[in-house]
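This is a predicted model, so every value here is computed, not measured.
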Amino acid sequence: NVYRSIDKVTIQIMEGWIEPNLTTKHIACLAILGRVINKPTTLNKLRELGVDFQSKPSSAKILRLFEDIKAAGEDRLLTGAYIINTIFPKDHPNKGDGSKAAYIANCLIPDLWEKRNILCAGLDTGSFSETIEAMKKAQGIGTFMANQAAVDLTYTSVLGKAKDIDTTWNPGPGTTKGIRWITGDDSLHAGQDAMNEALTKYREDLNNALSSFKEFNPSPKKMRTHLVPLSGPDCSNSLCEISKFTAVALGERERTKQRYPGQGPT
């Protein structure tokens, strides 16, 4: 879904994981964990277990929960939407079986707890970019995943007034491929001024084009029934979709990984 805030999984994560914990001081920890797992059913079970970072989470209880989920025959603990770094630090004392479950329970979650004040300080700046920089200090969290977690918080009062959301660009592989196809410039790379300029121009051109449609309404509250201006993260989403479909159209891949029937949330 190009409009990220009305993506089906995003809605489920917001309603079941983020919004119930908005008064929690360390909501940034939850935002990161939410996108690393990215599976609402798993997150709901973690919430039932009491994982809210208001107190130190129990790695043993979390790992037991993950084992119970696996024993119940559920196909996946996480979704496959993101490539997650599950490499333990070299001298980590509790690698377990080295699985994703062990990594999240024994490595990522304890690290989020240890760095909770750093993450909180980043969020307190009210800046989208500063929040991302703080989140990148968490174990295994790079720019892309930090961006995904921070975007969720821009849909809330916590980071909803961040003025730099449409000027902070952290393009992942899909966004990079999409903007290269749009511009014809294969030299564009994340972090370049040229990349930021190309993405900014793309957003401006896209919103100017949308504004010519009679269904256009500048209010985000009309997002479900009208075309509205795309935010920076929305533009990244659109470029990711462009990269998938052009790869198929150009014969670079046989088909898209997922089917897109064009049905929004009801």
(message) Distance alone, cut at 3.5 Å: any donor-acceptor contact between the side chains of S231 and D234?
(response) yes
(request) Nearest 0.5 Å please: distance from the OG1 atom of T42 over to the CG atom of L46. (result) 7.0 Å
(request) To the nearest 0.5 Å, tell me how far N117 CG sits from L119 CG. (result) 8.5 Å
(message) With a sphere of 6.0 Å drawn around CH2 of W113, does it hold more than 12 non-hydrogen atoms of other residues, nucleotides or ligands?
(response) yes
(request) Would you name the heavy atoms of H189 and R180 that are closest together and state the gap between them? (result) CE1-NH2, 3.0 Å
(request) Report whether V248 and I182 are members of the same hydrophobic cluster (ILVMFWY, side-chain heavy atoms less than 4.5 Å apart, transitive linking). (result) no
(message) Could you check whether R47 pairs with D52 (Lys NZ or Arg NE/NH1/NH2 to Asp/Glu carboxylate O, under 4.0 Å)?
(response) no
(request) Any chance you could measure L30, atom CG, to L43, atom CG, to the nearest 0.5 Å? (result) 9.5 Å
Enumerate, atom names and distances included, each donor-acceptor pair closer than 3.5 Å involving a side-chain atom of residues 64-71, sequence neighbours excluded.
none

(message) Tell me the closest heavy-atom pair linking S243 and C240, and the distance in Å.
(response) OG-O, 2.6 Å
(message) Would the distance check show the side chain of T154 and the main-chain N or O of G160 forming a donor-acceptor pair, the cut-off being under 3.5 Å?
(response) no
(message) In the structure I gave you, are the side-chain heavy atoms of I62 and V51 within less than 4.5 Å of one another anywhere?
(response) yes
(request) Report yes or no: do L63 and Y103 belong to one cluster of Ile/Leu/Val/Met/Phe/Trp/Tyr joined by side chain heavy-atom distances under 4.5 Å? (result) no
(message) side chain to side chain contact (heavy atoms under 4.5 Å, CB included) for W17 and L33? Distances and angles first, verdict last.
(response) CA-CA 10 Å; W17 182 249; L33 184 58; 4.0 Å; yes
(request) Evaluate the side-chain proximity of K222 to L227: yes if any heavy-atom separation is below 4.5 Å, no if none is. (result) no
(message) Side-chain heavy atoms nearer than 4.5 Å, only ILVMFWY residues, links allowed to pass through others: does that put I27 and I118 together?
(response) no
(request) Starting at OG of S127, measure out to CD1 of I132 and round the result to the nearest 0.5 Å. (result) 8.0 Å
(request) Compute whether any side-chain donor of one residue and acceptor of the other, for S238 and Y202, lie under 3.5 angstrom apart. (result) yes
(request) May I ask you to check whether S187 and D185 show a side-chain donor-acceptor distance below 3.5 Å? (result) yes
(request) Go through the steps for D152 and R4 under the test salt bridge (charged side-chain N to carboxylate O under 4.0 Å, His left out), then give the verdict. (result) CA-CA 9 Å; D152 284 339; R4 188 183 183 280; 2.9 Å; yes
(request) Evaluate side-chain hydrogen bond (donor to acceptor under 3.5 Å, both in side chains) for D97 paired with S99, printing each intermediate quantity in order. (result) CA-CA 5 Å; D97 61 0; S99 64; 2.7 Å; yes
(request) Indicate the atoms forming the closest heavy-atom contact of C120 with H26, along with that distance. (result) CB-ND1, 4.1 Å
(message) To check you understand the geometry: which heavy-atom pair defines the closest contact between Y3 and P229, and what is its length?
(response) CE2-O, 4.3 Å
(request) Say whether T200 and W169, considering side chains only, have a donor N or O and an acceptor N or O under 3.5 Å apart. (result) yes
(request) May I ask you to test the I13-E19 pair for a side-chain heavy-atom distance under 4.5 Å? (result) no
(message) Just verifying a value: how many Å separate R116 CZ and I32 CD1, rounded to the nearest 0.5 Å?
(response) 13.5 Å
(request) Carefully, step by step, assess M195 and T176 under the rule side chain to side chain contact (heavy atoms under 4.5 Å, CB included). (result) CA-CA 9 Å; M195 170 66 92; T176 299; 3.9 Å; yes
(request) Look only at the side chain of T10 and the backbone of I6, and say whether a donor-acceptor pair between them is shorter than 3.5 Å. (result) no
(message) What verdict does the salt bridge (charged side-chain N to carboxylate O under 4.0 Å, His left out) test give for E204 and K201, after you've listed the backbone C-alpha separation in whole Å, the side-chain angles of each residue and the deciding distance to 0.1 Å?
(response) CA-CA 5 Å; E204 292 173 354; K201 184 178 187 301; over 6 Å; no
(request) Answer whether the closest heavy-atom distance between the side chains of P171 and L199 falls below 4.5 Å. (result) yes
(message) Contact between T24 and L22 at the side-chain level, heavy atoms closer than 4.5 Å - yes or no?
(response) no
(message) Quick check on E254: does its CD atom have over 12 non-hydrogen neighbours (other residues, nucleotides or ligands) under 6.0 Å away?
(response) no
(message) Please check this pair: side chain of N170 against backbone of N147, looking for a donor-acceptor N/O pair closer than 3.5 Å.
(response) no
(request) Mark yes or no for whether H92, through its side chain, and N94, through its backbone, hold a donor-acceptor pair below 3.5 Å. (result) yes
(message) Using the rule that Ile, Leu, Val, Met, Phe, Trp and Tyr join whenever any side-chain heavy atoms are under 4.5 Å apart, tell me whether I87 and L108 fall into a single cluster.
(response) no
(message) Side chains of L159 and I165, heavy atoms from C-beta outward: is any pair under 4.5 Å?
(response) no
(message) Quick check: is L230 connected to L239 through a chain of hydrophobic side chains (ILVMFWY, heavy atoms under 4.5 Å apart)?
(response) yes
(request) Kindly write out the residues that satisfy salt bridge (charged side-chain N to carboxylate O under 4.0 Å, His left out) with D111, not counting sequence neighbours, or none if the list is empty. (result) K115
(message) Do L77 and K39 make a side-chain contact, defined as non-hydrogen atoms from C-beta onward lying under 4.5 Å apart?
(response) no
(message) Before you tell me yes or no, could you show the steps for E215 and T225 under side chain to side chain contact (heavy atoms under 4.5 Å, CB included), namely the whole-Å CA-CA distance, both residues' side-chain angles and the distance that decides it to 0.1 Å?
(response) CA-CA 8 Å; E215 297 88 357; T225 55; over 6 Å; no
(request) To the nearest 0.5 Å, tell me how far Q54 CD sits from C29 SG. (result) 11.5 Å
(message) With no hydrogens and no angle check, just 3.5 Å: does a side-chain donor-acceptor pair link S129 and D164?
(response) yes
(message) Is it the case that over 12 heavy atoms from other parts of the model lie below 6.0 angstrom from the CG atom of L49?
(response) yes
(request) Can you see which heavy atom on R35 is nearest to which on M145, and at what distance? (result) O-CE, 3.5 Å
(request) Using a 4.5 Å cut-off on heavy atoms from C-beta on, say whether the side chain of L153 contacts that of M135. (result) yes
(message) Quick check on K61: does its NZ atom have over 12 non-hydrogen neighbours (other residues, nucleotides or ligands) under 6.0 Å away?
(response) no
(request) Assess whether side chain to side chain contact (heavy atoms under 4.5 Å, CB included) is satisfied between I109 and F53, documenting all intermediate values. (result) CA-CA 9 Å; I109 289 177; F53 288 92; 4.1 Å; yes
(request) Of all the heavy-atom pairs spanning N38 and V9, show the shortest one and how long it is. (result) O-CG1, 3.8 Å
